[in-house]
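Structure in structure tokens, see below.
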There are 2 protein chains.
Amino acid sequence: MTTPHEGADPDSPEGRGGAAAAIPAAPPGGGRGALDRRRVLGAAIAFIDQEGLNALTMRRLGAYLGVEAMALYRYVPGRENLLDGVVESVIDELYGDPDVHLSASHGWQDYLQRLAHGVRRIALAHPEVFPLVASRPPAAPWVRPPLRSLRWVESFLTALIDSGFTEEAAVAAYRAYSSFLLGHLLLEVSQKGVKISPEDQPEGVPATAAATDLSEYPTVVRLESLLSLDESAAEFEEALENLLERLEIVLAEGRTPRRGDRRR
Amino acid sequence: MTTPHEGADPDSPEGRGGAAAAIPAAPPGGGRGALDRRRVLGAAIAFIDQEGLNALTMRRLGAYLGVEAMALYRYVPGRENLLDGVVESVIDELYGDPDVHLSASHGWQDYLQRLAHGVRRIALAHPEVFPLVASRPPAAPWVRPPLRSLRWVESFLTALIDSGFTEEAAVAAYRAYSSFLLGHLLLEVSQKGVKISPEDQPEGVPATAAATDLSEYPTVVRLESLLSLDESAAEFEEALENLLERLEIVLAEGRTPRRGDRRR
DNA sequence: ACCTGAACACCGTTCAAGT
DNA sequence: ACCTGAACACCGTTCAAGT
């Protein structure tokens, strides 16, 4: 079926057994300028966006930058650190997003709305990168929901506390919000381009590998058209609004949202 | 700092440069009996639980089973398929869980409660495996939130439809439920053992690599004790109850939970 | 029928050497 | 100062060969 000796990456869309490698030329900046850490991380993100996470190797990233793999070690201590840097860079894109950066000038709900949509935009822009966010260990080990960028956490907490949340309520809100956000986006991204890329199966290979016996799942089959609808955007809005409503109640009651925890 | 030439897996806790490999001996069953696909998948899960996902290679799994790597290819078409099988096996553990298997005999809310807790138990039992669930492509491409096991989806949908949900409402509920469940558990698992294993840093290496400058994040620092509390269990219960309440309203109103979609 | 040896095309990473 | 060649210890996967 597949070409023999495809190496460690069965996900990459190589397929044809012609010339070696086929590294996509020229990094986005195009400039031949000196390498630095920022350029290496940027190239890694562009590479992952184009080729997928599994295709990223030190050697291929080097080739992508017109350099031998060993040269990268001057800017990045190793592959793991490269991936950490990629996650951090992607999340920090948020701070270049004018829609998000207005801070809490129109109230905390508006701020959380804009932040959530900003994160969603990033997740959809880099669907191959986003799963890394969930699997990398957090920057500060004791920040529980590991949203990676401490700038996020800091600005989130101050916005809510400045709006009248108690410290406990702000922390609880941070947990609920980040859990919803990462959870929803991880799922949304995992069902998007990640595997159903437009031009897969370039040869005449039949796409379905070994379709499991569907006759055991009559309801799933009957509701196929409903199940295959992509309502992610609407579901995101709805779940986000619901969350904000819950937080509003918490704020109004001036308590942390623990069950059975009336007043204080 | 670290031993040179540690190969492709900087996550594995090898460290000491003594005898080669140090594969944990003897698979759980202990039997020297014939290999088969089930035994291979079971060994893979046990291996990942002990050594972490990154440590799993075909060659090491072979050694773990007392066999050369090449022998595994008789039972598993390749590494990717192995990982798919691992995900499926772990999720299917649910059907051996007596607390879950009672089906909807005590109402749909009770069923969804038991299902959620069953999935949570599995996620916590296999924290190193669970992230795979989010990153593997779904079994049936058109089942949007990719909960992998079609048995799940089938039993979920029939339980709700039998309880009076419309087909649309059942599908919407499935999406909301699975999104919450995977999202929450992915986060919970990613902050647990996954990186803060008890006996790491066996040498005298200072644990904190390059602790980023915390002075820029005063609120995060001030609320450290609140942020580092692990309230996952309580948060899980609360979010789950909240979700079930929302679904109850949907059921009572006899409509799909779309915003602004009053009656029909 | 089931497993292995040897081989191939890759990996990440190091280090001395080149310019 | 920045990059490379060569080397080392690994990978996944194949296939003919052993038992």
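Order of the sequence lines fixes the chain letters, A, B, ..., with proteins taken first and strands second; residue numbering starts at 1 for each chain.
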| Partner set under side chain to side chain contact (heavy atoms under 4.5 Å, CB included) for A:T219, not counting sequence neighbours |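 With sequence neighbours excluded, A:T219 shows a side chain to side chain contact (heavy atoms under 4.5 Å, CB included) to A:R222, A:L223, B:E154, B:L157, B:T158, B:I161, given in chain and number order.
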
| Could you go step by step and tell me if A:E93 and A:H126 meet the side chain to side chain donor-acceptor pair (under 3.5 Å) rule? | CA-CA 11 Å; A:E93 277 184 33; A:H126 305 288; 2.9 Å; yes

| said: Is there a side-chain contact between A:R59 and the phosphate of C:dT13, meaning an N or O under 4.0 Å from OP1 or OP2? | reply: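 Checking A:R59 against C:dT13: no side-chain N or O falls below 4.0 Å of OP1 or OP2.
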
| task | Measure the distance from CE on A:M58 to C1' on C:dT13 and round it to the nearest whole Å. | result |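 Value for this atom pair: 9 Å.
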
| message | What is the distance, to the nearest angstrom, from the CG atom on B:N54 to the C1' atom on C:dG12? | response |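 Rounded to the whole Å, the gap is 13 Å.
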
Which protein N or O atoms sit under 3.5 Å from an N or O of nucleotides 1-5 of chain D?
residue	atom	partner	partner atom	Å
D:dC3	OP2	A:Y75	OH	2.6
D:dC3	N4	A:R74	NH2	2.7
D:dT4	OP2	A:E68	N	2.7

| Under the ring-ring contact (aromatic ring centres under 6.0 Å, His included) test, residues paired with A:F156 that sit two or more places apart |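 ring-ring contact (aromatic ring centres under 6.0 Å, His included) check on A:F156 returns A:Y174, A:Y177.
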
| Is a salt bridge present between B:R175 and A:E231, judged by a nitrogen-to-oxygen distance below 4.0 Å? |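 Salt bridge: no.
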
| task | Counting heavy atoms from C-beta on, name the nucleotide in D:dT13, C:dG12, C:dC11 closest to the side chain of A:R79. | result |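 Looking only at heavy atoms from C-beta outward on A:R79, the closest nucleotide is C:dG12.
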
| In chain order, what residues pass the ring-ring contact (aromatic ring centres under 6.0 Å, His included) check against B:Y75, with sequence neighbours excluded? |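 Partners of B:Y75 by the ring-ring contact (aromatic ring centres under 6.0 Å, His included) criterion come out as none, since no residue qualifies.
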
| request: Can you sort out the partners of A:L185 under side chain to side chain contact (heavy atoms under 4.5 Å, CB included), two or more places apart, ordered by chain and number? | output: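 If we apply the side chain to side chain contact (heavy atoms under 4.5 Å, CB included) test to A:L185, skipping adjacent residues, the hits are A:V119, A:R120, A:A123, A:F130, A:L181, A:E188, A:F236.
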
| Which ranges of DNA chain D pair up as stems, where a stem means three or more consecutive Watson-Crick or G-U pairs with both distances under 3.5 Å? |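 So the stems come out as C:4-8 with D:12-16, C:12-16 with D:4-8.
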
| query | For A:Y73 and D:dA6, what is the distance between atoms OH and C1' respectively, to the nearest whole Å? | reply |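 A:Y73 atom OH is separated from D:dA6 atom C1' by 15 Å.
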
| task | Measure the spacing between CG of A:L229 and CD of A:E224 and express it to the nearest 0.5 Å. | result |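 If we round to the nearest 0.5 Å, A:L229:CG and A:E224:CD are 10.5 Å apart.
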
| said: Taking the cut-offs as 6.0 angstrom to the six-membered ring centre and 45 degrees off its axis, would you call B:R151 and B:Y95 a cation-pi pair? | reply: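 The answer is yes; both the distance and angle limits are met.
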
